[in-house]
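Below is one structure, written out as structure tokens, with a few remarks after it.
Worth knowing before you read on, the calculation uses all heavy atoms, side chains too, and leaves out hydrogens, waters and symmetry mates. Numbers restart at 1 for each chain; the letters A, B, ... are given by sequence-line order, proteins then strands.
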Protein chains: 2
Amino acid sequence: MKTLRVPEATVTRLSIYSRFLERLDKNGVTTVSSGDIAEGVGVSPAQVRKDLAYFGEFGTRGVGYNVKDLMKYTLRILGLDKSWSLLLVGAGNLGFALCTYKGFNMRGFTIKAVFDNHPTKVGKQIGDLEVQSLDSFENMVEKYDAKIGIIAVPPKAAQEVADLMVKTGLKAILNFAPVALNIPDNVELRNVDLSVKLEILTFNLGFHEAENI
Amino acid sequence: MKTLRVPEATVTRLSIYSRFLERLDKNGVTTVSSGDIAEGVGVSPAQVRKDLAYFGEFGTRGVGYNVKDLMKYTLRILGLDKSWSLLLVGAGNLGFALCTYKGFNMRGFTIKAVFDNHPTKVGKQIGDLEVQSLDSFENMVEKYDAKIGIIAVPPKAAQEVADLMVKTGLKAILNFAPVALNIPDNVELRNVDLSVKLEILTFNLGFHEAENI
DNA sequence: TAGATTGTTAATCGATTAACAATC
DNA sequence: TAGATTGTTAATCGATTAACAATC
């Protein structure tokens, strides 16, 4: 069996191509070349073709790719041909923003329940969800057959929440708390760190200034 | 001159080491080895030493690193030995969450002004900031000597906001809108894409299932 | 001194880029 | 057919890992 390991960078770009293709499709574009995609998302045409080649042959030489087809293929590859139930822990401002974030729904993600252990938060309404105590977490995992949890609690509480998610059988965690979590290998973990990218910017700003001296 | 290009991955990790060192320092730890750091943030000891070696020799053989010193060095390298003024455009839920996000302040970032062009948003209070119309953007860039802008508007409005930021002289942009922005080379741009990492998770979940068949 | 740990070099690994034959 | 564009291979580039001399 041909089990070529797919670089994570390729998956990241695939997600971006996929969204770009949705936009083209919405605008009525029917055919697209690797060069068009490359220009639209800011990579090289060779990169686009190489990335797609990990998964099959989707284009026609001399012509390009059918937008609707390629869009569907990329969505399927990413696992987005079905919808995903998310459980969110942390009903602070970030949790609230994530609950109402349109970008998730547009890609087939639905936050089914929000949890927080702070007494002032429990019972609060966020959109059409009522914030629940963590006591009901396990029940909700079952009820919604959830596989993915989102952590949006302060750093100190994050590991405890992660442990709960692992214990209750979630298979993947998206962590917004700026700490390194300890998680068994069979659970997927990715971190979104809101300030790291900002620090890359300040690093680069400082560096450029230094070069001018 | 020794101008070794620093990989962006190294800068990213440096930001993470830096925060870990702050935590150690707060806990009263005075000395740390590359192995300790590696374990704390989930990389290899060799990686830690290699990353630091881009910037100098900060440790003592046989001993390790002085926590407080290394913390200060990493902060300085990242440009965080001074504070940074941020201008945020987009007073939706995400903008609100970013305004109140503690993680920024803890690293020396302060959002000085929030902007939105929607009539229902202008004048609204977010913490101690009043949402302003974009008409005052240029004035605020000057007033706060801002170098960095944050975009937290819907995808369709993002390019227009980016153009304004470039025109008014900002040097770096952190973009939360899920679109590829067109920006001149002399302005730094980084994107935080909230759903891409989620899609890496679903990709990996699907892939693992397939392997079991 | 013996043990520990750094800084650095060389080896390995992996990802990107360039080039081009295949083919519509 | 001529022009365009894919899929794929080979070459290049860059980052990570392993190993170890230096040295506290």
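When the nucleotides dT16(C), dT8(C), dG7(D) are ranked by their closest atom to the side chain of Arg49(B), dT8(C) comes out on top. Considering only the side chain of Arg5(A), dA15(C) comes nearest among dA15(C), dT8(D), dT17(C). Among dA15(D), dT17(D), dT5(D), the nucleotide with an atom closest to any side-chain atom of Ser33(A) is dT5(D). When distances are taken from the side chain of Lys50(A) to each of dT6(D), dT17(C), dT16(D), the shortest belongs to dT17(C).
Ile37(A) has its CD1 atom 8 Å from the P atom of dT6(D), to the nearest Å. Taking atom CZ of Phe58(B) as the reference point, atom P of dT8(C) lies 11 Å away to the nearest angstrom. Between Tyr54(A) atom OH and dT8(D) atom P the separation is 13 Å, expressed in whole Å. We find that CG of Asp51(A) is positioned 10 Å from C1' of dA15(C), with the value rounded to whole Å. Here the P atom of nucleotide dA18(C) and the CD atom of Gln47(A) are 11 Å apart, to the nearest Å. Taking atom CD on Glu39(A) and atom C1' on dT5(D), their separation rounds to 16 Å, with Å as the unit. Nucleotide dG7(C) holds its P atom 6 Å from the CD atom of Glu57(B), rounded to whole Å. Atoms OH (Tyr17(A)) and P (dT6(D)) sit 12 Å apart, rounded to a whole Å.
Using the Watson-Crick or G-U wobble rule with both distances under 3.5 Å, dC20(D) pairs with dG7(C). In this structure, dG14(D) and dC13(C) make a Watson-Crick or G-U wobble pair, each of the two defining distances being under 3.5 angstrom.
Side-chain N/O atoms of Arg13(B) include one lying less than 4.0 angstrom from OP1 or OP2 on dT16(D). Put simply, Tyr65(A) has a side-chain N or O that comes within less than 4.0 Å of OP1 or OP2 on dG7(D).
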Audit row: Asp25(B), Lys72(B), salt bridge (charged side-chain N to carboxylate O under 4.0 Å, His left out) steps and yes/no: CA-CA 11 Å; Asp25(B) 183 50; Lys72(B) 282 178 191 164; over 6 Å; no
Evaluate the salt bridge (charged side-chain N to carboxylate O under 4.0 Å, His left out) criterion for residues Glu199(B) and Lys197(B): first the C-alpha distance (whole Å), next the side-chain angles of each, then the deciding distance (0.1 Å), finally the verdict. CA-CA 5 Å; Glu199(B) 300 185 13; Lys197(B) 295 267 175 102; over 6 Å; no
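Salt bridge status for Asp145(A) with Lys147(A): present, with a side-chain N to carboxylate O gap under 4.0 Å. Ionic pairing of Arg107(B) and Glu22(B) is present here: one or more N-O contacts between side-chain nitrogen and carboxylate oxygen are shorter than 4.0 angstrom.
Residue-level contact check: Ser34(B) touches the backbone only, with heavy atoms under 4.0 Å from sugar-phosphate atoms and none from bases.
For Glu8(A) and Thr60(A), each mapped to the nucleotide of DNA chain C holding its nearest heavy atom, the one lying further toward the 5' end belongs to Glu8(A). Map Thr10(A) and Gly62(A) each onto its nearest nucleotide of DNA chain C; the residue landing nearer the 5' end is Thr10(A).
Counting atom types as modelled, Arg61(A) pairs no side-chain N or O with a base atom of dG7(D) as donor and acceptor under 3.5 Å.
Counting heavy atoms of neighbouring residues, nucleotides and ligands inside a 6.0 Å radius, atom CD of Gln159(B) exceeds 12 of them.
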